[in-house]
Amino acid sequence: MISSGVSASGASGLGGELGRDREPVEPSEALAGQLEFLLTGAGSASSSQMTAIVCGDVAERRGVGSYWRAVEVSRERFPLAGPLANNITPCEFWDRPAEAPTVLDNDVPALLVNATGDPRTLYDGAEAMREQWPNSRLLTAEGARRHGLYGEYGNACVDGRVNAYLRTGRLPAHDLTCEA
């Protein structure tokens, strides 16, 4: 059983009397799966990596109350996604980065992999990175609408090109495109 997080008065704020008047509820199977992913190590591999990248690059401390205010402001215009996008993140509790963000100031050859429909790393950002990194090559998954590609998406063309690069250390002669 989990606690509903809503008080008898209907408030679900931060602070105050949140513990005494909560009623236990049984989550649905779908919600139980999501909670397991969020609250245990079940989804830790990819979530921990992303958190380390995001929180390790920029100091995010804004104060806990600022998140609640942002959630409340976003509710009217974006009732579902607003609170999700403005909620507190683990970065609020991380130490500030130990070093300044990395600045790309060399031209070490690298294979960049991006989908045209990536919801996290927009394709124009990949193209801009490629432009700033002349000795790199961009492997594009044309029409793919996801973030994780290599080893996750199941595209034989993408996996094969990346495997060839990892096996030989040689970049393709030019940018490549794989169809989704």
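Across every non-hydrogen atom of Gly143 and Ala180, the tightest pair is C-CB, 3.6 Å. Closest approach of Pro83 and Ser74 over heavy atoms only: N-OG, 3.4 Å. Between Ala115 and Leu149 the shortest heavy-atom distance is N-CD1, 3.5 Å. Here the closest non-hydrogen pair linking Asp159 and Gly151 is OD1-N, 2.9 Å. Closest heavy-atom contact between Ala141 and Val158: CB-CG2, 4.1 Å.
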- Task: Decide yes or no on side chain to side chain contact (heavy atoms under 4.5 Å, CB included) for Asn135 and Val108, but give the supporting numbers first.
- Result: CA-CA 7 Å; Asn135 281 331; Val108 175; over 6 Å; no
- Task: Dump the intermediate steps for side chain to side chain contact (heavy atoms under 4.5 Å, CB included) on Asn114 and Leu138, then the final yes or no.
- Result: CA-CA 7 Å; Asn114 214 105; Leu138 178 58; 4.2 Å; yes
- So Arg69 and Glu72, salt bridge (Lys or Arg N to Asp or Glu O under 4.0 Å) or not? Walk me through it. CA-CA 5 Å; Arg69 288 187 295 277; Glu72 288 299 304; over 6 Å; no
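For the disulfide (SG to SG under 2.5 Å) condition, the pairs that include at least one residue of residues 106-169, sequence neighbours left out, are Cys157-Cys178. A side chain to side chain donor-acceptor pair (under 3.5 Å) check over residues 137-148, counting only residues at least two apart or in different chains, returns the pairs Asp118-His147, Tyr123-Thr140, Arg146-Glu152.
Under the side-chain contact (heavy atoms from CB on, under 4.5 Å) criterion, Ser136 pairs with Leu112, Arg130, Trp133, not counting sequence neighbours. Residues meeting the side-chain contact (heavy atoms from CB on, under 4.5 Å) test with Asp124, sequence neighbours left out: Leu122, Glu127. Partners of Glu179 by side-chain hydrogen bond (donor to acceptor under 3.5 Å, both in side chains), not counting sequence neighbours: none found. For Glu92, there are no salt bridge (charged side-chain N to carboxylate O under 4.0 Å, His left out) partners two or more places apart in sequence or in a different chain. Applying the side-chain hydrogen bond (donor to acceptor under 3.5 Å, both in side chains) rule to Tyr153 yields no partners; only residues at least two apart in sequence or on another chain are considered. Among residues two or more places apart in sequence or in another chain, the side-chain contact (heavy atoms from CB on, under 4.5 Å) test is passed with Arg170 by Thr168. With sequence neighbours excluded, no residue forms a side-chain hydrogen bond (donor to acceptor under 3.5 Å, both in side chains) with Asp95.
In the hydrophobic clustering (ILVMFWY side chains linked at under 4.5 Å, chained through shared members), Val73 stands by itself.
Residues Tyr165 and Leu176 share a single hydrophobic cluster, defined by chaining ILVMFWY side chains whose heavy atoms lie under 4.5 Å apart. Note: the hydrophobic cluster containing Leu171 also contains Tyr150 (ILVMFWY, side chain heavy atoms under 4.5 Å, direct or indirect links).
Within a 6.0 Å sphere centred on CG of Leu166, other residues, nucleotides and ligands contribute more than 12 heavy atoms.
The shortest side-chain heavy-atom distance between Asp175 and Leu139 does not fall under the 4.5 Å cut-off.
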Could you pull out every donor-acceptor pair under 3.5 Å between side chains of residues 84-91 and any protein atom, sequence neighbours left out?
| unit_1 | atom_1 | unit_2 | atom_2 | d |
| --- | --- | --- | --- | --- |
| Asn86 | ND2 | Gly82 | O | 2.8 |
| Thr89 | OG1 | Cys91 | N | 3.3 |

